[in-house]
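Since the model is a prediction, treat every value here as computed from it, not as a measurement. Every chain is numbered from 1 and lettered A, B, ... according to where its sequence line falls, protein lines coming before strand lines.
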Number of protein chains: 2
Amino acid sequence: MDILLIEDDPETARILREQLGEAGHAIVHAASAADGLARAGEGPFDIIILDRMLPDGTGLEVARRLRSKGCSWPILMLSALGRSEERVEGLDGGADDYLAKPYDRQELLARISALARRSAQQENGAIVTFGDIECHVRARTVFRRGVHVPLSPREYELLKFFIDHGGDVVTREMLLAAVWKLHFDPQTNVVDVSIGRLRRKLEAAHPEPVLETIWGTGYRLLACQPG
Amino acid sequence: MDILLIEDDPETARILREQLGEAGHAIVHAASAADGLARAGEGPFDIIILDRMLPDGTGLEVARRLRSKGCSWPILMLSALGRSEERVEGLDGGADDYLAKPYDRQELLARISALARRSAQQENGAIVTFGDIECHVRARTVFRRGVHVPLSPREYELLKFFIDHGGDVVTREMLLAAVWKLHFDPQTNVVDVSIGRLRRKLEAAHPEPVLETIWGTGYRLLACQPG
DNA sequence: ACCATGATGACAAATCTTGTCACCGTCCGT
DNA sequence: ACGGACGGTGACAAGATTTGTCATCATGGT
């Protein structure tokens, strides 16, 4: 796979280049934000790996600039610390996933292929499936067991986030950042209410529960049998 | 479902045969491009699974040959790596979906049923096409040249009526009766305004005019070339 | 049983859709 | 080329939907 790596620290860059190279990926390296934006034009890439801290601007800023230039390749953001605020912050600037820096090789490779697979699916048939749910990305429509589920824009965004993090537990903070673009707690239960509305619609199509509540933590999308 | 599997690697073929068999599908296996083309005649199949790399020709070539023989079964292409160039190439060649090879069982099965469902829908009229316009009846969504056209409910009803009367001249009275359920003249230009809004959206997807005005009579939907 | 946490119904605010109208441009017969 | 009829379009207002808030109820875990 073709990877654009935007990372200023030479040591980190060296290690990444080595690890990714071994796994059979081709790396294009940019050492600054400006360089990264320029080299993005050299594409196509399958994925962009972006350091959160760069000498001439933050990764967040670069992500936003890339998106506004119409670049839709998936972005994996790296940060020195795995603070959950940062993770949450990264999700709205256009980053698709977030990895804390003392990362392990396996996890890095796994995340890369997960992201690449996800975006490949979307470009393709534009149909992403999870369990018995089928999401037509371009039309922004959803089917459960072949039954159409009419969703409002918010509900769609919400469900899409769950599908993109298929099977993972998702916190309210993550949802607020990714769907509502809020980095602070609005002190209301918007998320809960929206989850409720989404649940009702999904269960109107098929009564089996799909959105599990993880008590004290968040929610998780369950993969129901399509049969 | 009946599946034609065209795959030269015996190990991959064995695993697929096993997984698909468990899921209740009937497999016909071909180990080369030539064999695949021959066995396609043994059909009917619900879906064709095709490896991108074969000893006697690429999957791309096979897909093209199958299509030119008039075979319209959906094709799922498999490839070793999920590289973006290959993906694009594959879809051009007539494949309907594309799956990178370290795939998981659930995903494979989900894609197969999605593809099969889609082609079934096309046959039973759940997807209606006219010229370069594609109308997904159950989801009430519309595409022009593959680009999604977001329509409001009224606009959708309006367009649907034109598609159902494909190519015919349609009068304002017909539209008022069918879309607005009015059997008298409301003495306003609702129809004209709605046509205008529909036109703008359809032409945002592709600039070629599709809704022709028949002066003194009504309107007509034109069949534009899908290319 | 108690407290913290999540679910839900009802209302309000914001957004999007639809219909109306006034005005402008275009077509066609003369 | 002119005039009148017909169609197109922008702006506004009424109506419908979506979204957010809050109060209240239900449920899980200790």
Engineer: Anything under 3.5 Å between a protein N or O and an N or O of nucleotides 20-23 of chain C, put it in a table, one pair a line.
Structural biologist:
residue: dT20(C); atom: OP2; partner: Thr188(B); partner atom: OG1; Å: 2.9
residue: dC21(C); atom: N4; partner: Asn189(B); partner atom: OD1; Å: 3.4
residue: dA22(C); atom: N6; partner: Asn189(B); partner atom: ND2; Å: 3.4

Engineer: In whole Å, I'd like the distance from the CZ atom of Arg200(B) to the C1' atom of dT9(D).
Structural biologist: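 Nearest whole value for this atom pair: 8 Å.
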
Engineer: Measure from CG on Leu158(B) to P on dT17(C) and round the result to the nearest Å.
Structural biologist: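 In whole Å, dT17(C) P lies 15 Å from Leu158(B) CG.
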
Engineer: What's the CG-P distance between Asp185(A) and dG20(D), to the nearest Å?
Structural biologist: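 Whole-Å distance recorded here is 14 Å.
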
Engineer: For DNA chain C, which residues in residues 217-224 of chain B have a heavy atom at a distance below 4.0 Å?
Structural biologist: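 Result for residues 217-224 of chain B: none.
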
Engineer: I'd like to know whether Arg144(A) forms a salt bridge (charged side-chain N to carboxylate O under 4.0 Å, His left out) with Glu134(A), so could you lay out the CA-CA distance, the side-chain angles of the two residues, the decisive distance to 0.1 Å, and finally the verdict.
Structural biologist: CA-CA 6 Å; Arg144(A) 186 172 185 204; Glu134(A) 201 176 293; over 6 Å; no

Engineer: Measure the acute angle between the ring planes of Tyr219(B) and Phe162(B), then classify it against the limits of 30° and 60° as parallel, tilted or perpendicular.
Structural biologist: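 Geometry flag for Phe162(B) against Tyr219(B): perpendicular rings.
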
Engineer: Hey, does the side chain of Ser152(B) come within less than 4.0 Å of dC16(C)'s phosphate (OP1/OP2), counting only N and O?
Structural biologist: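 Result: no.
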
Engineer: Check the distance between dA16(D)'s C1' and Glu155(B)'s CD and give it to me in whole angstrom.
Structural biologist: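 Taking atom C1' of dA16(D) as the reference, CD of Glu155(B) is at 15 Å.
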
Engineer: When you check the side-chain N and O atoms of Ser32(A) and Asp35(A), is any donor under 3.5 Å from an acceptor?
Structural biologist: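 Per modelled atom types, Ser32(A) and Asp35(A) side chains form no pair under 3.5 Å.
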
Engineer: Do you know the tightest heavy-atom contact between Trp180(B) and Ser194(B)?
Structural biologist: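 Residues Trp180(B) and Ser194(B), closest heavy atoms: CZ2-OG, 3.4 Å.
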
Engineer: Going through the distances and angles, do Leu109(A) and Leu20(A) end up as a side-chain contact (heavy atoms from CB on, under 4.5 Å)?
Structural biologist: CA-CA 8 Å; Leu109(A) 294 175; Leu20(A) 298 173; 3.9 Å; yes

Engineer: Considering all heavy atoms of both residues, which atom of His148(A) and which atom of Pro150(A) are nearest to each other, and what is their separation?
Structural biologist: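 His148(A) and Pro150(A) have their closest heavy atoms at O-CD, 3.6 Å.
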
Engineer: Run the side chain to side chain contact (heavy atoms under 4.5 Å, CB included) test against Val169(B) and tell me which residues pass, sequence neighbours left out.
Structural biologist: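 Counting only residues at least two positions away or on another chain, Val169(B) forms a side chain to side chain contact (heavy atoms under 4.5 Å, CB included) with Ile214(B), Thr217(B), Arg220(B).
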
Engineer: Under 4.0 Å between a side-chain nitrogen and a carboxylate oxygen: does that hold for Glu208(B) and Arg145(B)?
Structural biologist: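 So Glu208(B) pairs with Arg145(B) through a salt bridge.
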
Engineer: What bend angle does the helix from dA1(C)-dT30(D) to dT30(C)-dA1(D) show across its length, from five-pair end axes and to the nearest 10 degrees?
Structural biologist: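 Taking five pairs per end, the axes differ by 40°.
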
Engineer: State whether Asp192(B) and Arg172(B) are salt-bridged, where the test is any N-O pair (Lys NZ or Arg NE/NH1/NH2 against Asp/Glu carboxylate O) under 4.0 Å.
Structural biologist: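 Salt bridge present between Asp192(B) and Arg172(B).
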
Engineer: Does Arg140(A) have any salt bridge (Lys or Arg N to Asp or Glu O under 4.0 Å) partners at least two apart in sequence or in another chain, and if so, which?
Structural biologist: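 Arg140(A) satisfies salt bridge (Lys or Arg N to Asp or Glu O under 4.0 Å) with Glu157(A) once adjacent residues are dropped.
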
Engineer: Could you tell me which non-hydrogen atom of Leu115(B) sits nearest to which non-hydrogen atom of Ile75(B), and how far apart they are?
Structural biologist: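 Heavy-atom minimum between the residues: CD1-O, 4.1 Å.
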
Engineer: Quick one: Asp192(A) CG to dC25(D) P, roughly how many Å, whole number?
Structural biologist: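 So the CG-P distance, Asp192(A) to dC25(D), works out to 18 Å.
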
Engineer: Can you tell me the distance, in whole Å, between the CG atom of Leu211(A) and the P atom of dT8(C)?
Structural biologist: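 Going from CG in Leu211(A) over to P in dT8(C) covers 12 Å.
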
Engineer: dG6(C) P sits how many Å from Leu175(A) CG, rounded?
Structural biologist: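 For the pair Leu175(A) CG and dG6(C) P, the rounded distance is 12 Å.
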
Engineer: Of all heavy-atom pairs between His165(B) and Met174(B), which one has the smallest distance, and what is that distance?
Structural biologist: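 For His165(B) versus Met174(B), the nearest heavy atoms are CD2-CE, 4.3 Å.
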
Engineer: Could you write out each protein N or O paired with an N or O of nucleotides 24-30 of chain C at a distance under 3.5 Å?
Structural biologist:
none

Engineer: Return the minimal non-hydrogen interatomic distance between Asp96(A) and Pro74(A), and the atom names on each side.
Structural biologist: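 Nearest pair, atom of Asp96(A) first, then Pro74(A): OD2-CA, 3.2 Å.
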
Engineer: Can you tell me how far C1' of dA7(C) sits from CG of Leu202(A), to the nearest Å?
Structural biologist: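 So the two atoms are 16 Å apart, to the nearest Å.
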
Engineer: For dC6(D) and Arg172(B) - does any side-chain N or O of the residue sit under 4.0 Å from the phosphate oxygens OP1/OP2?
Structural biologist: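 Result: no.
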
Engineer: What is the minimum heavy-atom distance between Leu176(B) and Phe184(B), and which atoms define it?
Structural biologist: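 In terms of heavy atoms, the two residues are closest at CD1-O, 4.4 Å.
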
